[in-house]
Amino acid sequence: MTDDLNVRRIGPESAATVLEIVREAFGSRPPLDPPADALTETEASIATRLALGGGLLARLDGEPVGALILDAVGDAVYLRRFGVLAAARGRGVAGALIQAASEAAVGKPWLRVVAREELPATVAFWTRRGFVQTDRRSPYVELVRPVPSFYEVATPEDMRALGARVATSLRPGDLVVLTGDLGAGKTTFTQGLGLGLGVAGAVTSPTFVIAREHRSDRGGPELVHVDAYRLGGAAELDDLDLDTSLADAVTVVEWGEGLAEDLADSRLQIRITRMTSGADGDDPGGDDHDPRLVEILKLGPRWATT
Ligand code: ADP
Ligand code: MG
């Protein structure tokens, strides 16, 4: 059974609930000197912050279990007072809150967070999620991650055009991880990458081979196209018998989520979903209209230039 997890936008009316979560979550950490700023918050101070930037509250089976406060500063949205109750950890609450914060941050290119350097586990929590350290003003460490971009893609041709456009920002050594159901458009997107990189040979689904290499016709990076669907695990992915080194190629992995992350410390994570169920006839675009939503998330130091 999956947990009933949801995240909602909140305002000052939720200050008491947020304060309780903050006190429990920050109170269970090792004591710091000076103490965590979060522990000086009161219901009134939380309400003021929520009135300014709003916040997010996660509920698990109806019970409040996690929260954060949004604070827009310049071209970034800071995630403040991020806390998840100890009893609810390991159940996807933190990931859902960060995802919702990304959605709430539209229009701002960066998510930022401040952590305490004395808590390496907290710093590691953020870096595992693609945040990169930018500033260290002892005892504070500031980390940043780009907000994802979303594209509505109407047709397979538009999907190839988007791939070709993304290809212009890629260089040797880059890793692209594609996720989405069977038929979502991962291979179609990769065809666009191939066009943009000017590689030889038709890009097709590499279902019967695990990886296919496409040399560039114009001296650019080679495209290594991997289908991880039938792959045993990350170890096998590391062992692909390729003629080229991944450092010299652009590597695209279909079905790579959970497998490809260890290949490189940075990656473009691209998630493709169908926007219509496909079956019903009320789609105003007509029968052939089957748009996709493409989310592009740039993770790791390679993409963290501010
Ligand atoms: P995957 O690699 O994710 O399994 P494919 O790219 O092989 O998916 O297949 C996607 C199929 O959906 C193709 O036949 C493509 O022509 C079709 N299609 C229809 N509409 C779109 C769209 N808006 N974007 C991408 N593909 C689309
Ligand atoms: Mg495919």
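Computed over heavy atoms, backbone and side chain alike; hydrogens, waters and symmetry mates excluded. Just follow the structure's listing: the first ligand is 1, and inside any ligand the first atom is 1.
- For atom 8 (O) of ligand 1, the closest non-hydrogen atom of the protein is G185 N, 3.1 Å.
- Considering backbone and side-chain N/O atoms, P291 never comes within less than 3.5 Å of an N/O atom of ligand 1.
- For T187 and E254, the side-chain atoms include at least one donor-acceptor pair closer than 3.5 Å.
- Shortest contact from atom 16 (O) of ligand 1 to any protein heavy atom: P156 CG, 3.3 Å.
- Counting heavy atoms under 4.0 Å from ligand 1, residue D181 touches it through the backbone alone.
- If you check which protein heavy atom lies closest to atom 10 (C) of ligand 1, you get G183 O, 3.3 Å.
- Using a 4.0 Å cut-off between heavy atoms, M159 contacts ligand 1 through its side chain alone, with no backbone atom that close.
- The hydrophobic clustering, which links ILVMFWY residues whose side-chain heavy atoms are closer than 4.5 Å, places L70 and L111 together.
- Remark: the T204 side chain and the R212 side chain contain an N/O donor-acceptor pair separated by less than 3.5 Å.
- Protein heavy atom closest to atom 13 (C) of ligand 1, with residue, atom name and distance, is T188 OG1, 4.0 Å.
- Listed for the R80 side chain is no donor-acceptor partner under 3.5 Å among the backbone atoms of Y78.
- If you check each of K186, R160, R292 against atom 1 (P) of ligand 1, the one with the closest non-hydrogen atom is K186.
- Checked against the 6.0 Å centroid threshold, F82 and W126 count as a close aromatic pair.
- For the pair L97/V84, a side-chain contact is recorded, criterion being any heavy-atom separation below 4.5 Å from C-beta on.
- In summary, the atoms of ligand 1 found under 4.0 Å from a heavy atom of T187, numbered by their order in the structure, are 1 (P), 2 (O), 6 (O), 7 (O).
- Note: the hydrophobic cluster containing L50 does not contain L52 (ILVMFWY, side chain heavy atoms under 4.5 Å, direct or indirect links).
- Using a 4.5 Å heavy-atom cutoff, the side chains of L223 and E213 are not in contact.
- For ligand 1, the atoms closer than 4.0 angstrom to any heavy atom of E254 are 2 (O).
- When distances to the Mg ion (ligand 2) are checked against a cut-off of 2.8 Å, E254 contributes an N, O or S atom below that limit.
- Counting atoms of ligand 1 from 1 in the listed order, those under 4.0 Å from a heavy atom of A154 are 23 (N).
- Remark: E117 CD to Y140 OH distance equals 10.5 Å, nearest 0.5 Å.
- Tested against E142 for a side chain to side chain donor-acceptor pair (under 3.5 Å), the candidates Q133, R136, R137 yield a single pass: R137.
- Between L85 and P64 the shortest heavy-atom distance is CD1-O, 3.6 Å.
- Within the 2.8 Å limit, S205 places no N, O or S atom next to the Mg ion (ligand 2).
- Using a 4.0 Å cutoff on heavy atoms, S205 does not count as a contact of ligand 1.
- Applying the 4.0 Å criterion to heavy atoms of L182 picks out, from ligand 1, the atoms 4 (O).
- Using a 4.0 Å threshold on non-hydrogen atoms, atom 5 (P) of ligand 1 counts as touching the protein.
- Remark: ligand 1 atoms within the under-4.0 Å shell around heavy atoms of A184 are 1 (P), 3 (O), 8 (O).
- Contacts with ligand 1 closer than 4.0 Å are made by backbone heavy atoms (N, CA, C, O) of T155 only, the side chain lying farther away.
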